[in-house]
Amino acid sequence: MELDPIIATDTSLKQAEDERSNGTISKLLGGVNHTLRKLIFRVISSRPIPEHIAFILDGNRRFAKKWKLTEGAGHKAGFFALMAVLKYCYEIGVKYVTIYAFSLDNFNRRPDEVQYVMDLMQEKIEGFLNELTLINQYGVRVLFIGDLDRLYEPVRIAAEKAMEATAKNSRTYLLVCVAYTSSHEIPRAIHEACQEKSEANSIRVMNGDMNSDINHGGQSVIKVLDLEKHMYMGVAPDPDILVRSSGETRLSNFLLWQTTNSFLYSPKALWPEMGFWQVVWGILEFQNNYQYYEKKKKQA
């Protein structure tokens with residue numbers, strides 16, 4: 001299978017990727033790898049394929065420390081890993097991929113650190129838009145999820161451009177959670193659901209519908225469906241698998257509402273080390289536990 005390069009500097013990251021893409025040997029091996037991937041995916045596809053996989057991208061900094069790189073080099077390696085993981089997910093038939101890119105809690109870091117992450121995020125969003133082969137081949141639509149008003153203006157503009165540029169695609173989706181936490185998403189959804197219900201009841205009263213269920217409290221009940229349609233993540237089905245790289249098992253305030261019945265998978269690989277086999281093994285584990293999770297969903 002394709003191997004992630006061991007990277008010494010920022011420059012060598014790019015050089016390694018160029019060599020993988022352009023070298024004669026790499027092309028030969030790439031063709032073999034593609035054939036093997038197709039065969040493996042064909043076997044895996046005989047069993048249920050997850051519709052939605054969510055990723056917590058953990059371990060970029062530790063990867064940089066492990067190989068004595070600059071912090072930025074770790075994130076760049078993580079970006080290359082993301083492109084590979086997206087390709088593998090879409091090839092096998094996963095329709096929705098969600099990534100946890102930046103927590104609302106991260107705004108509490110030092111201003112210079114937040115600025116660094118914002119600049120990096122802008123660079124990666126613009127870099128993703130240059131991946132036209134991936135976008136066009138798999139028909140990827142990009143959606144940014146979270147309190148986007150909290151993003152620094154250049155990042156927000158880049159995010160809006162990415163969403164606009166891919167708005168007509170619908171074959172696969174990439175959901176990028178930025179300025180996001182579940183502890184923000186859930187109260188916000190409750191507030192909006194209550195506000196919507198209150199406005200609807202006011203309209204009924206103004207229209208003289210005094211015999212409606214409003215008098216019995218029926219129209220004032222907030223149901224689960226009312227909340228879910230106001231969730232940031234209401235644009236996608238709940239994840240079948242939640243992956244956190246680097247062996248960590250914390251959810252870190254990510255998709256707490258949506259992952260009630262998700263399979264949790266924590267490979268030991270740091271995020272830049274994530275690749276083909278981690279994706280395959282996660283899906284196989286999901287398939288082995290499929291009946292259990294389906295039963296849980298029906299009982300919910």
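Note that this is a predicted model, so its numbers are computed, not measured. For the numbers below, each heavy atom of this structure counts, side chains included, while hydrogens, waters and symmetry mates do not.
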Discussion item. Quick check on the hydrophobic clustering: are F276 and Y90 connected, directly or via other members, by side-chain heavy-atom contacts under 4.5 Å?
Written reply: yes
Worksheet item: So, are K161 and E164 salt-bridged, with charged N and O less than 4.0 Å apart?
Response: no
Discussion item. For E153, is the CD atom crowded, meaning more than 12 foreign heavy atoms sit under 6.0 Å from it?
Written reply: no
Worksheet item: Taking the six-membered ring of Y88, is the NZ or CZ of R37 close enough (under 6.0 Å from the centre) and on axis enough (within 45°)?
Response: no
Discussion item. Could you check whether any side-chain N or O of Y116 sits under 3.5 Å from a backbone N or O of G72, counting only pairs where one atom can act as donor and the other as acceptor?
Written reply: yes
Worksheet item: Is atom NZ of K297 surrounded by more than 12 heavy atoms (other residues, nucleotides or ligands) closer than 6.0 Å?
Response: yes
Worksheet entry | Close side-chain approach of T249 and L264, heavy atoms under 4.5 Å | no
Discussion item. In the structure I gave you, are the side-chain heavy atoms of I40 and W277 within less than 4.5 Å of one another anywhere?
Written reply: yes
Worksheet item: Between M83 and L134, what is the shortest heavy-atom contact and its length?
Response: SD-CD2, 3.9 Å
Discussion item. Rounded at 0.5 Å granularity, tell me how far CD1 in I125 sits from CD in E160.
Written reply: 10.5 Å
Response to the item:
Note: L175 and A236 closest approach over all heavy atoms is CD2-CB, 3.8 Å
Worksheet entry | Derivation and outcome, side-chain hydrogen bond (donor to acceptor under 3.5 Å, both in side chains), residues E91 and Y138 | CA-CA 8 Å; E91 280 184 0; Y138 301 108; 3.1 Å; yes
Worksheet entry | Reference residue Y232; test side chain to side chain donor-acceptor pair (under 3.5 Å); the match among E185, H184, Q258 | H184
Worksheet item: Do the side chains of I56 and V243 get nearer than 4.5 Å, heavy atoms only?
Response: no
Worksheet item: Are the side chain of Y173 and the backbone N or O of V235 linked by a donor-acceptor pair below 3.5 Å?
Response: no
Discussion item. Just verifying a value: how many Å separate L39 CG and H34 NE2, rounded to the nearest 0.5 Å?
Written reply: 10.0 Å
Discussion item. For a side chain to side chain contact (heavy atoms under 4.5 Å, CB included) check, start with the C-alpha distance between E196 and H230, then their side-chain angles and the critical distance, and finish with the verdict.
Written reply: CA-CA 10 Å; E196 180 184 62; H230 288 286; 3.3 Å; yes
Worksheet item: Can you tell me how far the CG atom of L82 sits from the CD atom of E131, to the nearest 0.5 Å?
Response: 9.5 Å
Fill in: Intermediate values then yes/no, side chain to side chain contact (heavy atoms under 4.5 Å, CB included), V85 and W271
CA-CA 10 Å; V85 167; W271 177 254; 4.1 Å; yes
Worksheet item: Does the ring centre of Y293 sit less than 6.0 Å away from the ring centre of F286?
Response: no
Worksheet item: Minimum heavy-atom separation for P237 to H52, with atom names?
Response: O-ND1, 2.6 Å
Worksheet item: Does a side-chain heavy-atom distance below 4.5 Å link V94 with I92?
Response: yes
Worksheet entry | Check: E273 side chain, L270 main-chain N or O, donor-acceptor pair, under 3.5 Å | yes
Worksheet item: For the side chain of S266 and the backbone of E248, is there at least one donor-acceptor N/O pair under 3.5 Å apart?
Response: yes
Worksheet item: Any side-chain heavy atom of V178 within less than 4.5 Å of one from L151?
Response: yes
Worksheet item: Atom CD of Q291 and atom CG of N289: how far apart are they, to the nearest 0.5 Å?
Response: 10.5 Å
Discussion item. Hydrophobic clustering (ILVMFWY, side-chain heavy atoms < 4.5 Å, transitive) - are V43 and L36 grouped together?
Written reply: no
Worksheet item: Is L251 reachable from V176 through a run of I, L, V, M, F, W or Y residues, each pair having side-chain heavy atoms under 4.5 Å apart?
Response: no
Worksheet, complete the sentence: Between L57 and S245 the two heavy atoms that sit nearest each other are C-OG, 4.0 Å
Discussion item. Test your reading of the model: is there a side-chain donor-acceptor pair from T166 to the backbone of V142, 3.5 Å cut-off?
Written reply: yes
Practice prompt. Over 60° means perpendicular and under 30° means parallel, so classify the ring planes of F254 and Y100, tilted if in between.
Written response: parallel
Worksheet item: Would you say D226's side chain and I222's backbone share a donor-acceptor pair under 3.5 angstrom?
Response: no
Practice prompt. Measure the spacing between OG1 of T181 and CZ of F107 and express it to the nearest 0.5 Å.
Written response: 11.0 Å
Discussion item. Could you tell me if N130 and E126 have a donor-acceptor pair between their side chains, going purely by distance under 3.5 Å?
Written reply: no
Discussion item. Between I53 and T98, does the side chain to side chain contact (heavy atoms under 4.5 Å, CB included) criterion hold? Intermediate values first, please.
Written reply: CA-CA 6 Å; I53 302 180; T98 297; over 6 Å; no
Response to the item:
Between C89 and V97, the two heavy atoms sitting closest are CB-CG2, 3.9 Å
Worksheet item: Can you find a pair of side-chain heavy atoms, one from L255 and one from P239, that are under 4.5 Å apart?
Response: yes
Worksheet item: Is K95 salt-bridged to D240, going by a charged N under 4.0 Å from an acidic O?
Response: no
Discussion item. With a 4.5 Å cut-off on side-chain heavy atoms, are V117 and F102 touching?
Written reply: yes
Discussion item. So, taking the atom named CG in L86 and the one named CD1 in I99, what distance separates them when rounded to the nearest 0.5 Å?
Written reply: 7.0 Å
Discussion item. With clusters defined by side-chain heavy atoms of hydrophobic residues (ILVMFWY) lying less than 4.5 Å apart, directly or transitively, does M233 cluster with L242?
Written reply: yes
Discussion item. Walk me through whether L143 and R141 qualify under side chain to side chain contact (heavy atoms under 4.5 Å, CB included).
Written reply: CA-CA 7 Å; L143 296 172; R141 181 175 182 182; 3.8 Å; yes
Worksheet item: Will you find, in the side chains of H191 and R188, an N or O donor that is under 3.5 Å from an N or O acceptor?
Response: no
Discussion item. Please tell me whether Y265 and Q278 have a donor and an acceptor in their side chains that are separated by less than 3.5 angstrom.
Written reply: no
Worksheet item: Is there a donor-acceptor contact under 3.5 Å from the side chain of N60 to the main chain of H75?
Response: no
Item to complete: For residues V114 and N106, report the shortest heavy-atom separation together with the two atoms involved.
Response: CG2-O, 3.5 Å
Worksheet item: Do the side chain of R47 and the main chain of Q287 share a donor and acceptor less than 3.5 angstrom apart?
Response: yes
Item to complete: Would you indicate whether the side-chain heavy atoms of K66 and R61 approach each other to under 4.5 Å?
Response: no
Worksheet item: Under a single-linkage definition using a 4.5 Å side-chain heavy-atom cutoff for Ile, Leu, Val, Met, Phe, Trp and Tyr, are I241 and W257 assigned to the same hydrophobic cluster?
Response: no
Worksheet item: Quick one: do R62 and D58 make a salt bridge, cutoff under 4.0 Å?
Response: yes
Worksheet item: So, N253 side chain and S182 main chain: donor-acceptor pair closer than 3.5 Å or not?
Response: yes
Worksheet entry | Basic-acidic side-chain contact under 4.0 Å: E294, K298 | no
Practice prompt. With sequence neighbours excluded, tell me which residues meet salt bridge (Lys or Arg N to Asp or Glu O under 4.0 Å) with R171.
Written response: none
Discussion item. Salt bridge or not between K223 and E228? Use side-chain N to carboxylate O under 4.0 Å.
Written reply: no
